[in-house]
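Below, chains carry the letters A, B, ... as their sequence lines are ordered, and counting in each starts from 1. From a predicted model like this one, the values you see are computed outputs, not experimental measurements.
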Number of protein chains: 2
Amino acid sequence: MQNSFTEENYLKIIHALSGREGHEVSTNALAESTSTRAASVTDMLRKLAEKGLIHYKKYQGVRLTESGEKVAINVIRKHRLWEVFLVEKLGFGWDEVHDIAEELEHIPSDHLVERLDAFLGHPRFDPHGDPIPDAKGNLTEPDYFILTEVQIGEKVRMMGVLDHAPSFLQHLDRAGITLGCLIEIKEINEYDKSASVQINENHTLFISLEVSKNLLVQRR
Amino acid sequence: MQNSFTEENYLKIIHALSGREGHEVSTNALAESTSTRAASVTDMLRKLAEKGLIHYKKYQGVRLTESGEKVAINVIRKHRLWEVFLVEKLGFGWDEVHDIAEELEHIPSDHLVERLDAFLGHPRFDPHGDPIPDAKGNLTEPDYFILTEVQIGEKVRMMGVLDHAPSFLQHLDRAGITLGCLIEIKEINEYDKSASVQINENHTLFISLEVSKNLLVQRR
DNA sequence: AAAAAAATTTAGATTAACCTAAAAATATAT
DNA sequence: ATATATTTTTAGGTTAATCTAAATTTTTTT
């Protein structure tokens, strides 16, 4: 049997909240993320458990089963491939594609996903730098650093964002901070931990700690 | 307020069944087309009428209102644009795209449709030869002929199909009959009205009346 | 370790989209 | 024009996904 739009969303969110190690996710965290009430979450968890998609014991939180993980990763694959399509082919900004991809990710057709993937040239990363799982469901999170961990004088490459909010992405656009750009930390203000950074050996600007905390970079 | 997936499908089907002149559509015809029961149709008609999308008087059948027509045509526009995308960009066959487009047509975003349209080069027809309504909702049905109306000796161009069933489209593929090909009627068998036709001034073959009845052509 | 607080589940409703069976309206046939 | 058949609607249920309020379990605090 097929999984509903809603079921797929729960699985995707459980995946996201359970972290790299796949730890238990609480009912309240799910209620928060799904914008529903805890009671509704409990109902859905019973259903997903019956379908063998999650491990669930009352009051103990949930984890994905292997089969649930497979579904979740496939939804993520579709979401990220569609985001690439929207940005690379249709010319949307990286701040505009999330909601549309949220719909497209539930279109059911393996045939479609594989052709889309080929059409896009088998991209490894989406427009926010998030890795795209392959057709077999292998999802390797690259080990990037958060910009706050980088020392003065280091030059790093901007590889992704932790916050996907349009307002944050637009802020980066205005600052000229794009995926793949070079960032050199010039100095860090002790008082508020804001940083003076040079972008692409070109222009220099201040970024707040809030911004630094949400930038993923790669050392070279 | 937004229209649901189901509501959009009803509007699309009412549009299709009410023909060029927009005549009344019966409850039973809708039940047939939606694969539901008449009672379910009645429920939905009351809802659509309340939303001002259809004209509905008990026992008298339904017609789309202007606003319902607008919604229906927009769904058709999206369906046909996605079909072009699937065939032209992803390499699907014309016999494979209907079900996928049936899902994609309900993705809500005007922005998306307009960018998709531009990406595809503002196509006027979908892969089956059906005209694509423009952004303003203008849908002009070209006046093609059915192949059965064509006389012996005439040369016509294949412009569309009436039957969209994969099995019919695959049959045409095997016969080498593609959109835009030239068809010359060589002779017509009086007994069963099957026709001997030459395709692209090239190969000749027999086609049954069933096939002729479902081919739309243009005189030149 | 008992009390208080927080998290979670259960119980009982609601809405959208469907269903069956029965009633009512319309159409057809004699 | 009446009887019969067909179509459509009404009445009353079902399921998925949600809700609120109350009950229960777990966690935290004193």
Side-chain angles (χ1 to χ4, degrees), chain A residues 1-15 17-19 23-64 68 71-72 75 102-103 105-108, chain B residues 1-15 17-19 23-64 68 71-72 75 102-103 105-108:
Chain A
M1 74 241 62
Q2 273 273 108
N3 304 304
S4 72
F5 187 104
T6 310
E7 288 167 343
E8 286 190 353
N9 272 336
Y10 270 87
L11 295 172
K12 184 183 62 172
I13 291 170
I14 293 167
H15 178 91
L17 295 180
S18 61
H23 55 251
E24 255 79 26
V25 176
S26 76
T27 299
N28 265 359
L30 282 169
E32 166 89 47
S33 286
T34 55
S35 303
T36 62
R37 300 318 186 89
S40 311
V41 172
T42 301
D43 285 349
M44 180 57 81
L45 295 185
R46 187 173 304 108
K47 180 149 67 127
L48 292 173
E50 237 153 59
K51 284 182 135 193
L53 295 165
I54 58 173
H55 295 290
Y56 172 55
K57 268 186 291 195
K58 285 207 284 184
Y59 296 100
Q60 308 301 175
V62 274
R63 259 177 328 106
L64 294 176
V71 175
V75 174
E102 206 75 0
E103 304 276 336
E105 72 189 6
H106 302 290
I107 303 285
Chain B
M1 73 247 51
Q2 272 272 108
N3 304 305
S4 73
F5 187 104
T6 311
E7 288 166 346
E8 286 190 353
N9 272 334
Y10 270 86
L11 295 172
K12 185 184 62 171
I13 290 170
I14 294 167
H15 177 92
L17 295 179
S18 62
H23 56 250
E24 256 79 27
V25 175
S26 76
T27 300
N28 265 358
L30 282 168
E32 166 90 47
S33 285
T34 55
S35 302
T36 63
R37 298 318 185 91
S40 311
V41 172
T42 302
D43 285 350
M44 180 56 82
L45 295 184
R46 188 173 302 108
K47 180 149 65 128
L48 292 173
E50 237 152 58
K51 284 181 136 192
L53 296 165
I54 58 172
H55 295 291
Y56 172 54
K57 268 188 291 201
K58 287 206 284 185
Y59 297 101
Q60 308 301 193
V62 275
R63 257 177 329 106
L64 294 175
V71 174
V75 174
E102 206 74 359
E103 304 275 336
E105 72 189 6
H106 302 289
I107 303 284

B/E7 versus B/K51: any side-chain heavy-atom pair under 4.5 Å? yes
Rounded to the nearest Å, what distance is computed from the NZ atom of residue B/K57 to the P atom of nucleotide C/dT26? 12 Å
Spacing between A/Q60 atom CD and C/dT8 atom P, to the nearest angstrom: 10 Å
Indicate yes or no for a side-chain donor-acceptor contact from A/E32 to the backbone of A/A29 under 3.5 Å, with no hydrogens or angles considered. no
Which value, rounded to the nearest 0.5 Å, describes the distance between B/Y10 atom OH and B/S40 atom OG? 6.0 Å
side-chain N/O A/N28 vs C/dA6 OP1/OP2, d < 4.0 Å: no
Closest to side chain of A/A39, choosing from D/dA11, C/dT10, D/dT18: C/dT10
When rounded to whole Å, the CG to C1' distance for the pair A/L30 and C/dA7 reads 13 Å
Counting side-chain heavy atoms from CB outward, which of C/dA24, D/dT20, C/dA21 is closest to B/Y59? C/dA24
What contact category does B/F5 fall into here, base, sugar-phosphate, or nothing, at under 4.0 angstrom with non-hydrogen atoms? nothing
Quick one: is D/dT18 close enough that its OP1 or OP2 comes under 4.0 Å of any side-chain N or O from A/R37? no
Side-chain atoms of B/A38 come closest, of D/dT9, C/dT9, D/dT10, to D/dT9
Do any N or O atoms from the side chain of B/T34 and from the backbone of B/L30 form a donor-acceptor pair under 3.5 angstrom? yes
Spatial distance of atom NZ (A/K12) from atom CG (A/L64) [nearest 0.5 Å]: 13.0 Å
Can you check the A/M44 CE to D/dC19 P distance for me, whole Å? 11 Å
Is the phosphate of D/dT9 approached by B/T27 (side-chain N or O, under 4.0 Å from OP1 or OP2)? yes
Grab the CG-P distance between A/L45 and C/dT10 for me, whole Å please. 11 Å
For B/E50 and C/dA16, give me the distance from atom CD to atom C1', rounded to whole Å. 13 Å
Between C/dC18 and B/S40, is there an OP1 or OP2 to side-chain N/O distance shorter than 4.0 Å? no
For atom CD of A/Q2 and atom C1' of D/dA16, their distance in whole Å: 16 Å
Walking DNA chain D from its 5' end, the first of A/S35 and B/R46 to be reached, judged by nearest nucleotide, is B/R46
Counting any heavy atom closer than 4.0 Å, what does A/Y56 reach on the DNA or RNA strands: base, sugar-phosphate only, or nothing? sugar-phosphate
In this structure, how many angstroms lie between the P atom of C/dT26 and the CD atom of B/E24, rounded? 14 Å
Establish, with yes or no, whether the OP1 or OP2 oxygen of C/dT10 is under 4.0 angstrom from a side-chain nitrogen or oxygen of A/T42. no
With a cut-off of less than 4.0 Å, is there a side-chain N or O of B/K58 near OP1 or OP2 of C/dT26? no
